[in-house]
Structures are given as structure tokens and as C-alpha cells.
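Bear in mind that the values here come from a model prediction, so they are computed numbers and not experimental data. Only this structure's heavy atoms are used, side chains among them; waters, hydrogens and symmetry mates stay out. For the single chain, residues carry numbers from 1 onward in sequence order.
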Amino acid sequence: MKSKDLLRQNPLYAAMLPQMLSYQLAYLGGLEFKKSVRRKRPSEDSNLYKDLIENTVAQPICRYIVDTINDVVFDPPVKRDLKFATPQGTAISPDNLEWAQLMTLDADLNNRSMDGFMESVGDLSSIYGQCWVLVDMPQANEGNLGRPYVVALNPISVWDWDYDIYGGRPILEYLKILENEDDKCYYFKCYHLGSEEYPSYWISYKVNKSDREDTEAEIIAEGTYPEGMGIPAFMAYAKRDPRSIDYGISDIDSAESAMRQYFKLECDAYQSIQFASTIIRADKGVSVPAAAGAIVRATQGQIETIPVDTGDVEKTMKLQAEVLNQIENLTGLGGLRFSRHNVQSGVAIVEERKTLHNLARAKARLMEVAEEQIFTYAARFMNVRWAGEVIYSTDYDKHDTNYRLAIYRESKTLVPDNSIVDALITKDIIAILAPSESMAQYEQAYIDTIEDPALKQLMTEENERVLSRDLQSQIPTG
């Protein structure tokens, strides 16, 4: 391949790059974000600008949103039914699937479990809207471990890609990744879809940064994939964009702009306070010491103090609060409140957490798709076929302590004196506080103290059903 073709970026990538970099800066925060938002004005004193940038705080709104959504998605345990079949469709015994178990324990050959790896996929897709996931098998010269591994790439590293439609289904036909770069060279890896005549393959290139001519790039490695296998790479989304499969919608799409606005207001408030010192006007010859509490010798009328109005700071802080409230209403992330002493009603908390849970459920479905694609490609490397199922539990109400406590408060308000409601709430609170390995014993110990015989029998039967409901497989079978 020619150097100029490798150095050429996909037009869509070039158009998306500034926005992706903006998302990245907003998520990372820190000095670079502050400099990108509040640029130095031409007439501004350098020392004052440096003081402003170093001593103002950029609230990590975007990071908080990304972390909160993914904490909810990955809080319930992921259920994996690891089943595989031969290419002819015959089921493979679980005793012969040690490689799959090892892959769930160490997905990326860096001692990171599949749960940990998928959390990184969740973070990357939340930030950029999408990320690329690639499955590969170590080469012989790299020490073949006898099993595949998986890698997640942020979309800034993927310079070009192309889909084609086969039987109404989009198939990745070409992918170009910038693997590395140094002062002089770029290092690319290009993936190509095979055909009936030849298998899918990859080629790694080394290109000088100054080389824009029609010269052939230096090939440094190449390889092929198993027969019948496509390019083992796909895009994982935070939210699907209805217009195109080439990109997703970031979880911080609105929050990124809000975070910039919030920091600009923070800078305005800081400068207003910084220059809010009282102005002192004195007649010629009157000495005014700089230290507070010093004695000034002057007659009446020789010295005058002029206070500086700081009312604009209060307006700025009010506008900042409105910015946070808007983000809360859109995302259900009440933790953004900078004033947590404000009392929320139980109904408000319940409705707020429902919004967050709905966001998490939509993302969980996309994470299921992504993980099953990982096992689909991994199985191809092992000359078998994926026949299992991955389920991301979306019963977030049961795992969300704030949500449950709000439900309890509202229940007590609506039904203040009811022994059944009191017993159910007490049992649930015991389940929250008790050690997980002995939760049932603590619940039963409480049930034994209930005086109402009918209620005691009913809760005992329910508790026994809870203990025995998981005897069969958790995955539906055909």
C-alpha cells in the first residue's frame, strides 16, 4: 500500500475528531481542559491568567456521569452461559472449554477479567459514543497461549474503516488502526476482509511522517485469519445513532457543553472576587498602610472608601446551580448537587433513579451484544462456534440502596401503621446490612420474632422460596 493512502484519514473521522478530543478533555478535566475553555486574552496579564487557571476548579461533571452510569450497569453480576459447538452444530462438553474459562479470568492478557475489560469498554463508549473492540490470537513468535484475547481501542486510534452490505447485513470490509508513532514514523495495522478465494488478512506498515509521495510503505508484519472468518473487530456503542452505524452517541454529549459553561462561570466568579477589594481614595500626602487594622492619621474628608459591588457573583452562582439542575433532570444524576443539605422527597428520588436506571438498561443491552460478539470471534479462532448466552442483569432497583430507602420512606408515609409493611421493610433493611454469606439466616432470625402467626408463616414460606429458587439453570434452554 502506498504511503499517501495510509496517511489519508476517513472524511468522517476527520469531521468527528475535534468533537472526540473535546469529549476526552472534558472527561479527563485538569489543566488542559481549563486552558481549552478559558483561553488567554491578548491584553490579559500573564501572571493573572496563570493564577486564574491554577486556582479555579473544573468540576468533573462528565467523569461523574460516565462513572455513575457504568457503576449501575456493572453492579449486578453478569451471567455467562459458556456454550460452544462444533462447526457442524454438535455441542461441546464443558470439560473441553478450559480456554474460555481462562479468557473470562484474563481477557486481555493483562490479568484483567472479562468483567473488568467490559467496564473499560463501557467507559470508552460512554466518553466517545463508541469504541472499537478487537479479538486476536497471539502469534507464534509472541508465545502462543493457545487461546484468544481481546483489546479495546478508543476511536481516535482508528483512522479509516469501511462497511459493505452482504445479504442486507453490514460487514466490516476494511479497518486501519494507528498502533503507534514516534518522532519520525507512524505504525499502522490494516485489516482486510477475505473472499471465497482467500482468507481475511492483516498487514502492519511503517510510514515516515514526511513521506507523502506515491512510494510503497514498508511492510513489517502480516498474517491471515481462519478460513471463513471475517475481520475480528466491531464497534461497541454507548447509544446507537439512528442515522448511521459509523458512530454512536456519547453519554456526555450534553454534559460536555454544560461543564464548559460551568467552568467559564467559575472563572468569572473568581475574577469578580479577586478584584472586589475596597477602593480607597485619599488626599495627597495622606499615608494609607496596606496592612489591615493599621492606624490612618487624617482629618474628615481626606480619605474615602468605595466598596465594590459583588452582586454579579451571586448571579453567577445561581446560574451555575441552574446548569447542574438541567443536567440532573436529563440524566437522573442527583449526586451532581453541590448542596446536599437540600432535602429531597422520596418521590423525587424514586423518579430520579428511574431515569438513571433506564439509561443503564439501554446500555446493558448493548454491552450484551458486544460481549457475545467477542465470544463469537474468539470461538472462530478455536475452530468452534459460540452457542451460549450473556445476560446483563437490569434489576437495578434491588441493588440501588438510595432507591430502596426512598421506597421505604414513601411506604411508611402512605401506610404509617401497618405491621405487614413494617415487617417487609425491616426484612429488606436486614438484607442490606447482613453479610451476604449469611443473609438468609439473619432474615429468618427476624421472621422468628414476628408475633402474628399468619404473617410469620407467609414470610417463612417466602424466605424458603428465595433460598431454593435458583436450583435450575439461569439461562433459558430451547
(request) Using the side chain to side chain contact (heavy atoms under 4.5 Å, CB included) rule, take Phe234 and Ile374 through it: C-alpha gap first, then chi angles, then the decisive distance, then the call. (result) CA-CA 9 Å; Phe234 60 91; Ile374 289 173; 3.8 Å; yes

(request) For Asp67, enumerate each residue passing the side chain to side chain donor-acceptor pair (under 3.5 Å) test, keeping only those at least two apart in sequence or located in another chain. (result) none

(request) Only pairs at least two apart or in different chains count here, so list each salt bridge (Lys or Arg N to Asp or Glu O under 4.0 Å) that has a residue in residues 171-188. (result) Glu181-Lys209

(request) Return yes if some donor-acceptor pair links the side-chain N/O of Thr104 with the main-chain N/O of Gln101 below 3.5 Å, else return no. (result) yes

(request) Using a 4.5 Å cut-off on heavy atoms from C-beta on, say whether the side chain of Tyr166 contacts that of Leu193. (result) yes

(message) Side chains of Ile177 and Tyr191, heavy atoms from C-beta outward: is any pair under 4.5 Å?
(response) yes

(message) Any side-chain to backbone donor/acceptor pair from Ser250 onto Ser126? Under 3.5 Å, distance only.
(response) yes

(request) Check salt bridge (charged side-chain N to carboxylate O under 4.0 Å, His left out) between Asp136 and all other residues, then give those that pass, not counting sequence neighbours. (result) Lys189

(request) Report yes if the side chains of Asn10 and Asp246 come closer than 4.5 Å at any heavy-atom pair, otherwise no. (result) no

(request) Rounded to the nearest 0.5 Å, what's the gap from CZ on Phe188 to CG on Asp160? Could you check? (result) 10.0 Å

(message) Holding to side-chain contact (heavy atoms from CB on, under 4.5 Å), I want the full list of residues that pass it with Lys40, two or more places apart in sequence or in another chain.
(response) Glu44, Ser46, Tyr49

(request) Please tell me if the side chains of Trp99 and Pro148 come closer than 4.5 Å, counting only heavy atoms from C-beta onward. (result) yes

(request) Using side-chain contact (heavy atoms from CB on, under 4.5 Å) as the criterion, list what pairs up with Lys239, not counting sequence neighbours. (result) Ile249, Asp251, Leu359

(request) Kindly give the heavy-atom pair with the smallest separation between Ala152 and Phe117, and that separation in Å. (result) N-CE1, 3.5 Å

(request) Only counting residues at least two apart or in another chain, list the ones meeting side chain to side chain donor-acceptor pair (under 3.5 Å) with Lys2. (result) Glu216

(request) Sequence neighbours left out, what pairs pass salt bridge (Lys or Arg N to Asp or Glu O under 4.0 Å) with at least one residue falling in residues 99-114? (result) Asp106-Arg147, Asp108-Arg112

(message) Using 0.5 Å steps for rounding, measure from the CZ atom of Arg361 to the NE2 atom of His357.
(response) 7.0 Å

(message) For a 4.5 angstrom cut-off between non-hydrogen side-chain atoms, does Met137 reach Met382?
(response) yes

(message) Is the shortest side-chain heavy-atom distance between Tyr186 and Leu6 below 4.5 Å?
(response) no

(message) Within the 4.5 Å heavy-atom criterion, are Gln130 and Met16 side-chain neighbours or not?
(response) yes

(request) Go through the steps for Cys267 and Leu52 under the test side chain to side chain contact (heavy atoms under 4.5 Å, CB included), then give the verdict. (result) CA-CA 7 Å; Cys267 291; Leu52 174 69; 4.0 Å; yes

(request) For Arg240, enumerate each residue passing the side-chain contact (heavy atoms from CB on, under 4.5 Å) test, keeping only those at least two apart in sequence or located in another chain. (result) Tyr237, Ile245, Leu366

(message) Would you call the rings of Phe263 and Phe33 parallel, tilted or perpendicular, taking 30° and 60° as the class edges?
(response) tilted

(request) Using the side chain to side chain donor-acceptor pair (under 3.5 Å) rule, collect all pairs that involve residues 20-31, keeping only residues at least two apart or in two chains. (result) Ser22-Glu256, Ser22-Arg260, Tyr23-Asp253, Gln24-Tyr128

(message) Can you confirm whether Ile156 sits close enough to Leu21 that some side-chain heavy atom of one is under 4.5 Å from a side-chain heavy atom of the other?
(response) yes

(message) Test your reading of the model: is there a side-chain donor-acceptor pair from Lys363 to the backbone of Asn70, 3.5 Å cut-off?
(response) no

(message) Looking at every heavy atom in both Asn383 and Arg385, which two are closest together, and how far apart are they?
(response) C-NH1, 4.1 Å

Would you list the atom pairs, donor with acceptor, under 3.5 Å between side chains in residues 218-230 and any protein atom, with sequence neighbours excluded?
none

(request) Can you tell me which residue pairs pass the salt bridge (Lys or Arg N to Asp or Glu O under 4.0 Å) test with a partner in residues 113-122, sequence neighbours excluded? (result) Arg80-Asp115

(message) Strictly distance-based, threshold 3.5 Å: is any side-chain N or O of Lys34 a donor or acceptor partner for the main-chain N or O of Ile53?
(response) yes

(request) Kindly determine whether Tyr377 and Val133 satisfy side chain to side chain contact (heavy atoms under 4.5 Å, CB included), including the steps that lead there. (result) CA-CA 11 Å; Tyr377 286 122; Val133 179; over 6 Å; no

(request) Could I get the full list of side-chain contact (heavy atoms from CB on, under 4.5 Å) partners for Arg243, not counting sequence neighbours? (result) Asp241, Tyr247

(message) In terms of relative ring orientation, are Trp161 and Tyr13 parallel, tilted or perpendicular, with 30° and 60° separating the classes?
(response) perpendicular

(request) Drop me the distance from Glu368's CD to Met118's CE, to the nearest 0.5 angstrom. (result) 10.0 Å

(request) Indicate the atoms forming the closest heavy-atom contact of Val72 with Ala360, along with that distance. (result) CG1-CB, 3.5 Å

(message) Tell me whether Arg39 at atom CZ has more than 12 heavy atoms from other residues, nucleotides or ligands lying less than 6.0 Å away.
(response) no

(request) Show your working on side chain to side chain contact (heavy atoms under 4.5 Å, CB included) between Thr56 and Arg38 and close with a plain yes or no. (result) CA-CA 11 Å; Thr56 47; Arg38 177 57 170 85; over 6 Å; no

